[in-house]
Amino acid sequence: MAEFFQERLRLHQKNMQRYLKYVFNDHFALIMMFLIGGLGLYYSNLLKTTTISLPVGGTIVLIIWSLALYIGQFTSLAKSADIVFLLPKERQMRTYLSQAFKYSCYFPFAMLALILGVTMPLLVVVTGQGFSTYFYYLLMLWGLKFSHLQIQRMALFQDMEKAKTNACLLWQIITIGTLALSIFMYPIIGLVLAVLQIFLFHNLCWQKMHAPLDWERMVQKEQHRLHQVYRFINLFTDVPEITAQIKRRKYLDVLLSKITFSKEHTYLYLYARRLLRGTEFSGLYLRLVVLGSVLLVFVSERWFALGIGALFIYLIGFQLLPLYHQFQYMVSAQLYPIPEKQKLQAMKQLLGGLLGMTAVIFTVVSCFALPTWSQRLIVGLGYFVVVGLFIFLYLPYRIKKSQSK
């Protein structure tokens, strides 16, 4: 069964690699460079200029670490057909689940190492400890997450609802106590407690586990996990595993009624309804606007605010470009005598309105963060310049390039 899991893992990774090249592209690298650099500079200046007491700083770190421990789920890679074809191998599934448990540790352990690295400067400032304690905290967090994954694996067996609830409650109490003692007293205490609770939960959730597998629950949880992964990838590229949902959204008819039902506005009529009544484009737009606005609230330097806002305006426009090709295979639109240039004109109108609205929102948010009106004016005008450059220069170039392929 160990070889079977490795073969299934190989196929799973091969499938993921098809999409990851679209996720970690140049645009993703660009936005991450700006975000990490800007937030790192802001974080550094905050630690230098602000006096943070141990109770406040320690509590902030404790909350961040507690939330970080929920990153990562147990990955079983189970499929619907396993309910039938692997049922005779149920006794050997413990070996399979052991291999799955090892694989499930990689991602959360890496994320915990990164988050701990980000919070260590704050912890060093408020506690006076050295950066050498990083490894104590890291092993402690890994131990706590190890037990959390043990509980998730235990939930895959039958009649484990009550046992899982009790185990989760016990784990949360131990986690809060371990983190608090390590932060406010000595890191070594937290490490010792983390090691002890590893043995406790391993014994309760695995060694004494003799219940039969709940195959349907295992498949359901894995499908839910994969759906979350595909939803994230769907922000960057089309994913066949994610089907688009259409919602009526009658409350938006006020906006749609402004587009006249005529030959001259055929594609604008179609694009607007596809955007507002589909879930992927409208959800993508709202998420990026909210994320950009939240980041701008904490930026009080004009050029940095201008850079973040311009980057998000570009990213929103870029992610909405696939809307142009949504109706290229619709027979009625091809048979109807509509000039091809109307599609580009409709995209200019639609994206111009959306990006213009985004520029207005970002300008209003920046007004609360920037100290002077001159800086607010520069940033606001800069946003609208970026919108103009995207609509009249970049959009025609990208569409012409896509048509030439």
Side-chain angles (χ1 to χ4, degrees), residues 1-2 5 9 61-78 90-116 133-215 217-222 224-225:
M1 294 302 288
F5 177 81
L9 175 60
V61 173
L62 190 149
I63 293 174
I64 294 174
W65 288 358
S66 300
L67 296 176
L69 287 171
Y70 287 92
I71 296 176
Q73 303 178 39
F74 183 80
T75 305
S76 66
L77 300 182
E90 182 168 349
R91 290 188 177 182
Q92 302 176 31
M93 284 299 292
R94 288 181 68 91
T95 303
Y96 178 94
L97 292 177
S98 296
Q99 293 294 318
F101 184 86
K102 294 178 183 178
Y103 175 72
S104 302
C105 292
Y106 294 152
F107 176 72
F109 280 17
M111 292 302 299
L112 287 172
L114 291 175
I115 294 173
L116 177 60
T133 56
Y134 172 88
F135 298 100
Y136 290 104
Y137 290 119
L138 181 62
L139 294 175
M140 176 192 68
L141 292 174
W142 283 358
L144 293 171
K145 184 59 187 179
F146 186 90
S147 297
H148 188 235
L149 291 173
Q150 293 270 12
I151 297 173
Q152 292 184 24
R153 181 173 59 179
M154 179 186 70
L156 302 181
F157 293 86
Q158 295 182 18
D159 302 323
M160 286 294 114
E161 290 81 4
K162 185 176 181 180
K164 180 192 174 184
T165 302
N166 295 333
C168 285
L169 179 61
L170 178 61
W171 178 81
Q172 290 171 352
I173 294 173
I174 293 176
T175 296
I176 297 298
T178 301
L179 295 179
L181 289 173
S182 65
I183 293 173
F184 296 105
M185 295 185 67
Y186 301 102
I188 190 64
I189 297 178
L191 178 57
V192 171
L193 292 176
V195 172
L196 293 176
Q197 61 88 39
I198 287 176
F199 290 104
L200 172 65
F201 284 102
H202 181 68
N203 184 56
L204 294 176
C205 301
W206 186 243
Q207 288 186 341
K208 293 186 177 180
M209 179 58 60
H210 303 293
L213 269 175
D214 191 335
W215 291 90
R217 180 187 294 272
M218 181 170 64
V219 172
Q220 182 182 16
K221 285 184 174 295
E222 180 61 18
H224 177 69
R225 186 193 69 84

(request) With the side chain counted from C-beta on, respond yes when Leu149 and Lys145 share a heavy-atom pair under 4.5 Å apart, and no when they do not. (result) yes
(request) Flag the pair Leu77 / Arg225 as yes when at least one side-chain heavy-atom distance between them is below 4.5 Å, and no otherwise. (result) yes
(request) Kindly compute the distance separating CZ (Phe107) from CG (Leu112), expressed to the nearest 0.5 Å. (result) 9.5 Å
(request) Might you point out which heavy atoms bring Ile176 and Ser66 nearest each other, and give the distance in Å? (result) CD1-OG, 3.7 Å
(request) Please tell me if the side chains of Val192 and Tyr136 come closer than 4.5 Å, counting only heavy atoms from C-beta onward. (result) no
(message) Distance check, rounded to the nearest 0.5 Å: Leu213 atom CG versus Arg91 atom CZ?
(response) 13.0 Å
(message) Using ring centroids (six-membered ring only for Trp), state whether Phe101 and Phe146 fall under 6.0 Å.
(response) yes
(message) If I take atom CG from residue Leu204 and atom OG from residue Ser147, how far apart are they, to the nearest 0.5 angstrom?
(response) 10.0 Å
(message) Does any part of the side chain of Gln73, heavy atoms only, come nearer than 4.5 Å to the side chain of Ser104, both counted from C-beta?
(response) no
(message) Donor-acceptor check, side chain of Glu90 to backbone of Pro212, threshold 3.5 angstrom: yes or no?
(response) no
(request) Could you tell me which non-hydrogen atom of Ala100 sits nearest to which non-hydrogen atom of Ser76, and how far apart they are? (result) CB-CA, 4.2 Å
(message) Is any side-chain heavy atom of Ile188 closer than 4.5 Å to one of Thr133?
(response) no
(request) Output the distance between atom CG (Leu170) and atom CZ (Phe201), rounded to the nearest 0.5 Å. (result) 4.0 Å
(message) The criterion is side chain to side chain donor-acceptor pair (under 3.5 Å); which residues satisfy it with Gln172, sequence neighbours excluded?
(response) Tyr70
(request) Would you mind reporting whether Val61 and Leu179 have side-chain heavy atoms less than 4.5 Å apart? (result) no
(message) Could you walk me through whether Thr175 and Leu69 satisfy the side chain to side chain contact (heavy atoms under 4.5 Å, CB included) test, starting with their C-alpha distance in whole Å, then the side-chain angles of each, then the deciding distance to 0.1 Å, before giving a yes or no?
(response) CA-CA 9 Å; Thr175 296; Leu69 287 171; 3.4 Å; yes
(request) Give a yes or no on whether the backbone of Lys162 and the side-chain of Asn166 come within a donor-acceptor separation of less than 3.5 Å. (result) yes
(request) Can you see which heavy atom on Trp171 is nearest to which on Leu144, and at what distance? (result) NE1-O, 2.9 Å
(request) Could you verify whether a donor N or O on one side chain and an acceptor N or O on the other, from Arg217 and Gln220, lie under 3.5 Å apart? (result) no
(message) I need the Ile174 CD1 to Leu169 CG distance, nearest 0.5 Å.
(response) 10.0 Å
(message) Quick one, Ile115 with Ile71, criterion side chain to side chain contact (heavy atoms under 4.5 Å, CB included). Give me CA distance, side-chain angles, the key distance, then yes/no.
(response) CA-CA 11 Å; Ile115 294 173; Ile71 296 176; 3.6 Å; yes
(request) Please report the closest heavy-atom contact between Gly72 and Pro108, naming both atoms and the distance. (result) CA-CB, 4.3 Å
(message) Looking at Phe74, is its backbone amide N or carbonyl O close enough to the side chain of Gln152 to form a donor-acceptor pair, meaning the two atoms are under 3.5 Å apart?
(response) yes
(request) Please examine the side chains of Leu116 and Trp65, heavy atoms only from C-beta on, and report whether any two atoms are closer than 4.5 Å. (result) yes
(request) Please confirm whether the backbone N or O of Trp206 pairs with a side-chain atom of Arg94, one donor and one acceptor, at under 3.5 Å? (result) yes
(message) So which atom in Ala155 and which in Lys221 form the shortest heavy-atom distance, rounded to 0.1 Å?
(response) CB-CE, 4.5 Å
(request) Mind checking the CG-CD1 spacing from Leu139 to Ile198? Nearest 0.5 Å is all I need. (result) 9.0 Å
(request) Output yes when a side-chain donor or acceptor of Gln150 lies under 3.5 Å from a complementary backbone atom of Cys205, and no otherwise. (result) no
(request) Mark yes or no for whether Tyr137, through its side chain, and Leu191, through its backbone, hold a donor-acceptor pair below 3.5 Å. (result) no
(request) Indicate the atoms forming the closest heavy-atom contact of Met218 with Ala78, along with that distance. (result) CG-CB, 3.9 Å
(message) Could you check whether any side-chain heavy atom of Leu200 comes within less than 4.5 Å of a side-chain heavy atom of Leu196, counting everything from C-beta outward?
(response) no
(request) Could you check Thr178 against Met140 for side chain to side chain contact (heavy atoms under 4.5 Å, CB included), going step by step and ending with a plain yes or no? (result) CA-CA 8 Å; Thr178 301; Met140 176 192 68; 3.8 Å; yes
(request) Kindly say whether Phe5 contributes a backbone atom to a donor-acceptor pair with the side chain of Gln99 at under 3.5 angstrom? (result) no
